[in-house]
Engineer: 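Supplied in C-alpha cells, the structure appears directly below.
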Amino acid sequence: MKIKVTLFLFLALLVVPEGLFSAGEEASAPENYFLISNLWILLASLLVFIMHLGFACLEIGLTQAKNTVNILFKNLAILAIGIVTYVLIGFSLMYPSDWGVSGFLGWSGLALDLASGETVDLTSNYTYWTDFIFQAMFAATAATIVSGAVAERIKLRSFLLFSLVYVGLVYPVLGSWKWGGGWLDELGFYDFAGSTIVHAFGGWGALAGAILLGPRLGKYKDKQLVSAITGHSMPFAVVGCFLLWFGWFGFNGGSVLSGDGATISYVCLTTLLAACSGVVSSFFVSSIVQNKPDVTMLVNGALGGLVSITAGADVIGVYASIFVGLVGGAIVVLSIIFIDKRLRIDDPVGAISVHLVCGVWGTLAVGIFSQNQEHTILKQFIGISAYGAVAFVFSLIIFTVINFITGLRVSEQEEIMGLDISEHGMEAYPSFQIYNTK
C-alpha cells in the first residue's frame, strides 16, 4: 500500500507544471495554490475510496465464512450504486441552487452541471469535478455503514433497493441542511467531516434495519442466553481496520477542502491521536469488562475514536482530541455489550455503536471542546436530534415498504445454508480437489 501511494505521488509530481513550487513567471501564486489544493482533494478522494475496501475486509472478518461472497458483493455494489445515484440526483439535492422549502429542501436540476465542470475558477480551491468525486465517496460510505448491521440475514435485492433510496434521496437532503447551506448551517450547527451527517446518519439506518430484521438464527436462544456468533477471520478484520484508519486521513484531511498545509497537518494529527487513544481505552475497558482483551474491541475502539473526532477535527485542541478518542473507545465497548445483551439487537460488526453512538458523542464534543465559542452544546444537540429523527423514521419507512414489496429477510433454510450459496450460488472458500489426469 505504501509503495502504491508513493508511486501515485511520484506520478502526480511528474504532471505538475514546472515552477509550481517556485515563484516563476509561468505560474502565479493563485494558480499554484489552486493546483496544490485540487491535487490534494483528489488524493484524499482516493483515500476515502480505499475505505470501502476496509469496510469490506472488516465486515467479512467479523462474520461467518458462508456469507463472505454476499458481503463482498454488497460492498462493491453499494459503491457503484451510490456514486451513480449521486451523479443523477444526489449532488443536486445536497448542494441546491434554489430552495423549494427554504433551508430544508432544494434542487439544482437533474444530473451534474456540465457547464460548471468545464470552468476552472482559480478563486476556488478545486474544480467542480473534484468536488463531486470527493462528496460522492462520502455518500457511498453512508450505505456501507448499514451493510454490517444487517449482514448475514437480509435479502440482497432488498438491501440494494434500500441503499438506492437512502443514499439517493435521504442522505443528500439531510446533508444539504448543513453542507448545502441549509437551516442547520444558518443555526450554527457544526460537523466538520461528518460524525453526524455521514456516520450517525448511517448508524440510524443500521439501527432501523437491525430492529426490523431481528437477530440471526441462534443468537438469542432464550431470555438469558446470548450466543456469540464469532467472525471467521480476525486477520481480515484487523486489515480492514488499518485500511479504514489509513483512509480516514483523506476523509478528515480532505474535508479541509484546500491545500492549507497547516490545517491539513492539524486535522491529521487530531485524527491520529483520537484513533490511538480509542485503541488504548477500548483495551482497558474490554479487559476489565470481559476479563481478557478482545481484538475485535480494539478494532472498534480505533474506529470509535476516529468517528468521534470527525465532527471537530479542525476545532478541537490537540490534548482534547485525545480525551475525545478515549471516551469514544470506551463507550463503543460498553455500547456493543449493552446493545447485544440488554437491548438484544443483533449487530454483527458493531456498526451501530461505532457510527451512531460515537457519532453522537463526537458531535456533542464539538460543543464542549471547540476553540470556537460559537459552537455550543445546544446547537449541536439540535442538529443531532434533527438528523436522528428524520434518518431513523425514514429508514423504518423504507425498510417497511421494501419488506411489503419483496420481503427483507431470507428464509431460515437460506440463512442456515449461507447467503453465498442461496443468493449467489458460489463459495468464497471452495474445497478444491486435485484430479489425477493420467
Side-chain angles (χ1 to χ4, degrees), residues 45 48-56 58-59 74-91 93-95 132-151 154 159-180 184 191-210 244 247-248 250-252 254-255 303 306-307 310-311 347 349 351-360 362-363 383-384 386-399:
S45 301
V48 179
F49 180 87
I50 289 295
M51 292 176 70
H52 291 277
L53 175 59
F55 277 119
L58 178 67
E59 192 175 338
K74 287 192 301 181
N75 278 268
L76 182 57
I78 288 168
L79 178 63
I81 290 172
I83 292 175
V84 171
T85 305
Y86 205 62
V87 169
L88 297 176
I89 190 171
F91 195 61
L93 285 171
M94 195 157 184
Y95 298 98
F132 169 78
I133 293 171
F134 187 66
Q135 298 300 334
M137 295 302 166
F138 277 57
T141 300
T144 305
I145 293 168
V146 181
S147 175
V150 299
I154 193 170
F159 177 74
L160 295 181
L161 183 56
F162 170 82
S163 300
L164 179 69
V165 178
Y166 201 54
V167 175
L169 297 176
V170 184
Y171 169 77
V173 170
L174 269 63
S176 71
W177 292 356
K178 167 58 186 177
W179 290 345
L184 280 176
D191 190 354
F192 173 65
S195 286
T196 285
I197 298 173
V198 178
H199 293 283
F201 173 82
W204 286 115
L207 177 61
L244 286 166
W248 227 290
F251 197 92
N252 285 359
S255 294
L303 300 179
L306 288 164
V307 171
T310 295
D347 179 1
V349 303
I352 298 169
S353 299
V354 170
H355 299 282
L356 174 54
V357 175
C358 290
V360 169
T363 309
I384 292 168
Y387 277 107
V390 177
F392 184 67
V393 169
F394 270 88
S395 297
L396 289 175
I397 292 173
I398 297 168
F399 273 124

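Note that the numbering runs from 1 along the sequence shown for the chain.
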Engineer: Once you round to the nearest 0.5 Å, how far does CG of L53 lie from CG of L58?
Structural biologist: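 That separation rounds to 11.0 Å.
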Engineer: Got a sec, which residues hit side-chain hydrogen bond (donor to acceptor under 3.5 Å, both in side chains) with S255, two or more places apart in sequence or on another chain?
Structural biologist: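 Counting only residues at least two positions away or on another chain, S255 forms no side-chain hydrogen bond (donor to acceptor under 3.5 Å, both in side chains).
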Engineer: Could you pull out all residues at least two apart from N75 that satisfy side-chain hydrogen bond (donor to acceptor under 3.5 Å, both in side chains)?
Structural biologist: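 In terms of side-chain hydrogen bond (donor to acceptor under 3.5 Å, both in side chains), with neighbours along the sequence ignored, N75 is linked to E59.
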Engineer: I need the minimum non-hydrogen distance between F132 and I83, along with the two atoms involved.
Structural biologist: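 Residues F132 and I83, closest heavy atoms: CZ-O, 4.0 Å.
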Engineer: I need the Q135 CD to W179 CH2 distance, nearest 0.5 Å.
Structural biologist: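 Answer for the CD-CH2 pair, Q135 versus W179, is 6.5 Å.
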Engineer: Mind listing the closest non-hydrogen atom pair of A149 and D347 along with its distance?
Structural biologist: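 Between these two residues, the closest heavy atoms are CA-OD1, 3.3 Å.
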Engineer: What side-chain donor-acceptor pairs closer than 3.5 Å can you find for residues 191-208, not counting sequence neighbours?
Structural biologist:
unit_1, atom_1, unit_2, atom_2, d
D191, OD1, G194, N, 2.9
D191, OD1, S195, N, 2.9
D191, OD2, S195, N, 3.4
D191, OD2, T196, N, 2.8
D191, OD2, I197, N, 2.9
S195, OG, V307, O, 2.6
S195, OG, A311, N, 2.7
T196, OG1, T363, OG1, 2.6
H199, ND1, H355, ND1, 3.0

Engineer: Between L79 and A140, which heavy-atom pair has the shortest distance, and what is it?
Structural biologist: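 L79 and A140 have their closest heavy atoms at CD1-CB, 3.9 Å.
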Engineer: With sequence neighbours left out, what residues match F134 under ring pair (Phe, Tyr, Trp, His ring centres under 6.0 Å)?
Structural biologist: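 F134: ring pair (Phe, Tyr, Trp, His ring centres under 6.0 Å) contacts with F138.
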Engineer: Hey, are the side chains of L303 and W248 touching, using non-hydrogen atoms and a 4.5 Å cut-off?
Structural biologist: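 Side-chain contact under 4.5 Å: yes.
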Engineer: Residues two or more places apart in sequence or in another chain: which of them pass side chain to side chain contact (heavy atoms under 4.5 Å, CB included) with V84?
Structural biologist: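 Partners of V84 under the side chain to side chain contact (heavy atoms under 4.5 Å, CB included) test: L88.
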Engineer: Which residues pass the side chain to side chain contact (heavy atoms under 4.5 Å, CB included) test with S176, sequence neighbours left out?
Structural biologist: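 S176 satisfies side chain to side chain contact (heavy atoms under 4.5 Å, CB included) with P96, W99 once adjacent residues are dropped.
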Engineer: Check the pair L184 / Y387 against side chain to side chain contact (heavy atoms under 4.5 Å, CB included), numbers first and verdict last.
Structural biologist: CA-CA 10 Å; L184 280 176; Y387 277 107; 3.3 Å; yes
Engineer: Taking side-chain hydrogen bond (donor to acceptor under 3.5 Å, both in side chains) as the definition, give me every residue that meets it alongside Y86, ordered by chain and number, with sequence neighbours left out.
Structural biologist: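 Residues passing side-chain hydrogen bond (donor to acceptor under 3.5 Å, both in side chains) with Y86: none at all.
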Engineer: Could you tell me whether the side chain of V390 reaches within less than 4.5 Å of the side chain of W177, counting heavy atoms only?
Structural biologist: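 The answer is yes, as the side chains (C-beta and beyond) meet within the 4.5 Å cut-off.
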Engineer: Within the structure provided, determine whether T141 and Y171 are in side-chain contact (heavy-atom separation under 4.5 Å).
Structural biologist: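 Side chain of T141 against side chain of Y171, heavy atoms only: no contact under 4.5 Å found.
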Engineer: Who are the side chain to side chain contact (heavy atoms under 4.5 Å, CB included) partners of I398, not counting sequence neighbours?
Structural biologist: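 I398: side chain to side chain contact (heavy atoms under 4.5 Å, CB included) contacts with F162, V165, Y166, V170, I402.
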Engineer: Please list, chain by chain and in numerical order, all residues satisfying side-chain hydrogen bond (donor to acceptor under 3.5 Å, both in side chains) with T85, sequence neighbours excluded.
Structural biologist: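 T85 satisfies side-chain hydrogen bond (donor to acceptor under 3.5 Å, both in side chains) with no other residue.
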Engineer: Can you tell me how far apart CG (L306) and CG (N252) are? Round to the nearest 0.5 Å.
Structural biologist: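 Reported to 0.5 Å precision, the distance equals 7.5 Å.
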Engineer: Please answer whether the main-chain N or O of A143 pairs with a side-chain N or O of S147 as donor and acceptor at a distance below 3.5 Å.
Structural biologist: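 Looks like no, no N/O pair under 3.5 Å.
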Engineer: Hey, is CZ on F49 packed in by over 12 heavy atoms from elsewhere, all under 6.0 Å?
Structural biologist: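 Open.
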Engineer: Check side chain to side chain contact (heavy atoms under 4.5 Å, CB included) between V393 and all other residues, then give those that pass, not counting sequence neighbours.
Structural biologist: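 Counting only residues at least two positions away or on another chain, V393 forms a side chain to side chain contact (heavy atoms under 4.5 Å, CB included) with I397.
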Engineer: When rounded to the nearest 0.5 angstrom, what distance separates CZ in F159 from CG in L164?
Structural biologist: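 Going from the CZ atom of F159 to the CG atom of L164 covers 11.5 Å.
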Engineer: Between L160 and I81, is there a side-chain heavy-atom distance shorter than 4.5 Å?
Structural biologist: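 Yes, close enough: below the 4.5 Å cut-off.
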